[in-house]
Asks: 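For reference, the structure I am asking about is given below.
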2 protein chains.
Amino acid sequence: MAGTDRSKPSKAGGPAVILVRPQLGENIGMVARAMKNCGLGQLRLVAPRDGWPNEAAEAPASGALSILRSAKIYATLQEAVADCKRVYATTARPRGMIKQVMVPRSAAAQLRAEEAAGLKCALVFGPERTGLENEELALADVVVEVPLNPAFCSLNLAQAVLLCGYEWYQAADETPESRRETGGTPPADHGEQEAFFERLVAELDQVKFFWPENKRPGMLRNLRSLVGRLEPTQQDIRTLHGVVSALIEARRRRKGMKKG
Amino acid sequence: MAGTDRSKPSKAGGPAVILVRPQLGENIGMVARAMKNCGLGQLRLVAPRDGWPNEAAEAPASGALSILRSAKIYATLQEAVADCKRVYATTARPRGMIKQVMVPRSAAAQLRAEEAAGLKCALVFGPERTGLENEELALADVVVEVPLNPAFCSLNLAQAVLLCGYEWYQAADETPESRRETGGTPPADHGEQEAFFERLVAELDQVKFFWPENKRPGMLRNLRSLVGRLEPTQQDIRTLHGVVSALIEARRRRKGMKKG
């Protein structure tokens, strides 16, 4: 095991992710990838079963090798959390301990607040098959439980890291919840929409579309609402004008053929 | 490819998960597991590269084989979504289309509302390497983009399904955001806390702990606050009484030894 360097605890990259006695190198590599997906940078390994470095971790970590290379190795969880102010430990099942238990979303919001206050934090994950021992869980300030299908809640190690990291990322993400992508063309003005609508109505009037007369106001309203719901861009309005012109042209040609 | 059965669209198990041209059987199996984690039950496959059934999917799906076995197979995405009222398609990158774009959390809330209104919905995922083609994305009502580290946002197929399924599960989950686990023993009454506090103060007074006298009120307040912050259970109070008794006993013995 390599020596530990606590002289310069990195402040970058969110909470340290601590894997306790991870078994498969592949899983450590996949954890590194999931961490990078979520903008997490600090990996700590407590007594990895197959030693360290572990070649088996490298291919699954592709793209996130720098996280593997800078991983720090510890003999015990006590040592791995010694410089952390706040320790969050994940578990799949309740252990009958007196602990604060949080879902990942609330834990993530609290982590962000603590980090903003300058507190070094850690997210701890147990071994693949058994999870953390009770003595290890006792070292945590907060227990994190992921609410999933109670009949089938086992997650692999990298998935557990991904879900916690995802929530940590979301807690500070400013992507709009919902937006309308317009592919670069600006929305049409209401005047442009109205001009199209009036042209459409004029063309439809030529073939007595709005009939009987007493239904005309309701039909106009429905059609206007349908055009409005499109929230058309300027390009859309040009496309619609083109479609109307083409249909009229098609009608003229058919008429011409019948007459001819 | 097996025939499709649209006679009895299942209402159970949330939106249908549709994988378009999935390449690796292993990934299909892992998707089935992630679906079961999140309580999703309906899997649809569009033109899986290696045909169907695919033995390679079975081991990674362990525990979720029933989802694989009931998967329905389609030749095109058009056929797979023909019975769906609302189609959500995931993509890793913007395509310059005019579309509603949502994050998984908002999409999940909207999915739940649409399902509650009786609308059959689908979540569509593209092939591993390339994602959905633009023609396929054009079939969607909503595009879902997962906000992750923009410098490293590629997810494998099962991870993408897991994150969307996780949000779908959370949107109806009622796990308290934060709770205090007490391991079955009830919280102590304030009277029990006070009785312990008074005993502690009496013992400390015997050795003139609160000194000088003018500091006594502040020291009492700090100590009371420290005991209160424990939010002790009844078992905790018994433990604390035992610790105080033991420390007193230790002091008596040391005194006895010195005198003896």
Side-chain angles (χ1 to χ4, degrees), chain A residues 30 33-40 63-64 94-107 109-110 142-143 145-156 158-159 162-163 165-167 169-170 173-185 187 230-233 235-236, chain B residues 30 33-40 63-64 94-107 109-110 142-143 145-156 158-159 162-163 165-167 169-170 173-185 187 230-233 235-236:
Chain A
M30 284 162 60
R33 268 186 76 89
M35 287 175 64
K36 190 160 179 184
N37 281 142
C38 302
L40 294 169
R95 308 291 183 91
M97 276 187 208
I98 301 164
K99 283 287 180 190
Q100 197 67 26
V101 181
M102 302 181 92
V103 299
R105 192 163 302 167
S106 325
Q110 188 168 295
V142 175
V143 169
E145 277 178 22
V146 184
L148 284 173
N149 179 4
F152 193 76
C153 60
S154 79
L155 288 171
N156 80 31
Q159 285 176 320
L162 178 70
L163 288 180
Y166 166 81
E167 287 288 7
Y169 190 90
Q170 303 309 307
D173 182 60
E174 294 179 349
T175 305
E177 290 190 3
S178 177
R179 69 179 196 276
R180 195 173 166 83
E181 188 80 49
T182 59
T185 86
L230 288 173
E231 297 180 33
T233 62
Q235 177 58 54
D236 288 334
Chain B
M30 283 163 59
R33 267 186 76 89
M35 286 174 63
K36 191 161 178 183
N37 282 141
C38 302
L40 294 169
R95 308 290 183 92
M97 276 187 209
I98 301 165
K99 283 286 180 190
Q100 197 66 26
V101 181
M102 301 181 93
V103 298
R105 191 163 303 167
S106 325
Q110 188 169 296
V142 175
V143 169
E145 276 179 22
V146 184
L148 284 173
N149 179 4
F152 193 77
C153 60
S154 79
L155 289 171
N156 79 31
Q159 285 176 320
L162 178 69
L163 289 180
Y166 166 82
E167 287 288 6
Y169 190 90
Q170 303 309 306
D173 182 59
E174 294 179 349
T175 305
E177 289 190 4
S178 177
R179 69 180 195 276
R180 194 173 167 82
E181 189 80 49
T182 61
T185 87
L230 287 173
E231 299 180 31
T233 63
Q235 177 58 54
D236 288 333

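All of these numbers come straight from a predicted model, not from anything done at the bench. A note on names: the letters A, B, ... follow the listed sequences, proteins ahead of strands, and every chain is numbered from 1.
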Asks: Flag the one option from A:Gln235, A:Met30, A:Gln110, A:Gln100 with the top tally of heavy-atom pairs under 4.5 Å to chain B.
Replies: A:Gln100
Asks: Answer with side chain, backbone, both or neither: which region of A:Glu145 has an atom nearer than 4.5 Å to a non-hydrogen atom of chain B?
Replies: side chain
Asks: Using atom types as modelled and distance alone, determine if a side-chain donor or acceptor of B:Lys36 lies under 3.5 Å from a backbone N or O of A:Phe152.
Replies: no
Asks: Testing the basics here: between B:Asn149 and A:Gly39, what is the closest heavy-atom pair and its distance to 0.1 Å?
Replies: CB-N, 3.9 Å
Asks: Is A:Glu174 in contact with chain B via its backbone, its side chain, both, or neither, using a 4.5 Å heavy-atom distance?
Replies: neither
Asks: Tell me the closest heavy-atom pair linking A:Pro147 and B:Tyr169, and the distance in Å.
Replies: O-CD2, 3.4 Å
Asks: Could you look at B:Pro150 and say if it's the side chain, the backbone, both or neither that has a heavy atom under 4.5 Å from chain A?
Replies: both
Asks: Do any N or O atoms from the side chain of A:Arg180 and from the backbone of A:Glu231 form a donor-acceptor pair under 3.5 angstrom?
Replies: yes
Asks: Got a sec, which residues hit side chain to side chain contact (heavy atoms under 4.5 Å, CB included) with A:Ser106, two or more places apart in sequence or on another chain?
Replies: A:Met102, A:Val103, B:Glu177
Asks: Given that the side chain runs from C-beta out, which part of A:Val143 has a heavy atom under 4.5 Å from chain B: side chain, backbone, both or neither?
Replies: neither
Asks: Look only at the side chain of A:Asn37 and the backbone of B:Ser154, and say whether a donor-acceptor pair between them is shorter than 3.5 Å.
Replies: yes
Asks: Counting heavy-atom pairs under 4.5 Å with chain A, which one of B:Gln159, B:Lys99, B:Arg105 comes out on top?
Replies: B:Arg105
Asks: Determine the option with the most heavy-atom pairs under 4.5 angstrom with chain B, choosing from A:Ser178, A:Ala34, A:Ala107.
Replies: A:Ser178
Asks: Run the side chain to side chain contact (heavy atoms under 4.5 Å, CB included) test against A:Glu181 and tell me which residues pass, sequence neighbours left out.
Replies: A:Arg179, B:Pro94, B:Val101
Asks: Which residue out of B:Thr175, B:Leu163, B:Asp173 racks up the most heavy-atom pairs below 4.5 Å with chain A?
Replies: B:Leu163
Asks: What part of A:Asp236 is in contact with chain B, defined as an atom under 4.5 angstrom from a non-hydrogen atom: side chain, backbone, both or neither?
Replies: side chain
